[in-house]
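Following: one structure in structure tokens, then a few remarks.
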Amino acid sequence: MKVYLIYVLAAVAEIAGCFSFWAWLKLGKPVWILLPGMLSLAAFAWLLALVPTETAGRAYAAYGGIYIAASLLWLWGVEGQLPDKWDVAGGAVCLAGTAIILFGPRA
């Protein structure tokens, strides 16, 4: 469960960091909003490096599913847009892929 917590925190940090750039560029927010965004992206990289795996590629691949699910929650919670059935189905498939990568037997 610790690995999921790390992934969730990393996803929140990455999405918040990227959203600060989105808000500045697309929503006309002030340029200072980029500073917390950059700090958030640095926190994302640090958190992802804490994942207990021997290979970065596997950590990043498993993270992808968590990121997608967290992005859909961001869509709903922050942007006020309810994910549709295709969003939910796609997120579920991605989370299944994350579980396979994290918990599949290794030779």
Side-chain angles (χ1 to χ4, degrees):
M1 292 314 271
K2 179 183 175 184
V3 70
Y4 278 118
L5 178 60
I6 292 170
Y7 277 139
V8 168
L9 292 173
V12 170
E14 183 181 14
I15 294 166
C18 290
F19 188 75
S20 73
F21 281 81
W22 179 277
W24 169 66
L25 190 62
K26 299 242 182 186
L27 303 178
K29 300 295 180 183
V31 73
W32 64 261
I33 201 164
L34 297 176
L35 181 59
M38 289 184 284
L39 293 172
S40 187
L41 289 171
F44 151 71
W46 175 74
L47 284 161
L48 205 54
L50 296 178
V51 172
T53 185
E54 298 78 33
T55 58
R58 186 168 290 131
Y60 302 160
Y63 168 71
I66 304 294
Y67 177 81
I68 291 168
S71 296
L72 293 172
L73 290 173
W74 182 278
L75 172 70
W76 185 16
V78 175
E79 297 185 71
Q81 179 69 40
L82 187 65
D84 64 23
K85 65 182 178 181
W86 300 108
D87 295 326
V88 173
V93 168
C94 292
L95 288 175
T98 292
I100 291 167
I101 291 167
L102 286 177
F103 304 118
R106 302 278 180 243

More than 12 non-hydrogen atoms from neighbouring residues, nucleotides or ligands closer than 6.0 Å to OH on Tyr4, yes or no?
->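 Atom OH in Tyr4 is packed in, count exceeds 12.
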
Verify side-chain contact (heavy atoms from CB on, under 4.5 Å) between Arg58 and Arg106, making sure each step is shown before the conclusion.
-> CA-CA 12 Å; Arg58 186 168 290 131; Arg106 302 278 180 243; 3.1 Å; yes

Phe21 and Lys26: CA distance, side-chain angles, deciding distance, side-chain contact (heavy atoms from CB on, under 4.5 Å) verdict | CA-CA 8 Å; Phe21 281 81; Lys26 299 242 182 186; over 6 Å; no

If you measure from [atom1] on [X] to [atom2] on [Y], what distance do you get to the nearest 0.5 Å?
X	Y	atom1	atom2	result
Leu50	Ile6	CG	CD1	5.5 Å
Glu14	Leu47	CD	CG	11.0 Å
Lys29	Ser20	NZ	OG	12.0 Å
Asp84	Leu72	CG	CG	9.0 Å
Ile33	Leu25	CD1	CG	12.0 Å
Leu9	Leu5	CG	CG	4.5 Å

Tyr7 side chain vs Ala59 backbone, donor-acceptor pair below 3.5 Å =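 It does hold such a pair.
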
Are the side chain of Ser40 and the backbone of Ala16 linked by a donor-acceptor contact shorter than 3.5 Å?
-> no

Hydrophobic cluster membership, [X] vs [Y], 4.5 Å side-chain cutoff:
X	Y	value
Trp46	Leu48	yes
Trp32	Leu27	no
Phe103	Val51	yes
Val88	Val93	no
Leu41	Leu34	yes

All heavy atoms of Cys94 vs all of Ile68, minimum pair found to be SG-CD1, 3.4 Å

Measure across Leu95 and Gly65 and return the closest heavy-atom pair with its distance rounded to 0.1 Å.
->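 Minimum heavy-atom contact is CD2-O, 3.7 Å.
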
Check: Val12 and Ile15 side chains under 4.5 Å, non-hydrogen atoms |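 No. Closest side-chain heavy atoms not under 4.5 Å.
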
Only one of Tyr67, Trp22, Phe19 forms a ring pair (Phe, Tyr, Trp, His ring centres under 6.0 Å) with Trp74, so which one is it?
-> Phe19

Are Phe44 and Tyr63 an aromatic pair by the rule of ring centers under 6.0 Å?
->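 Yes.
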
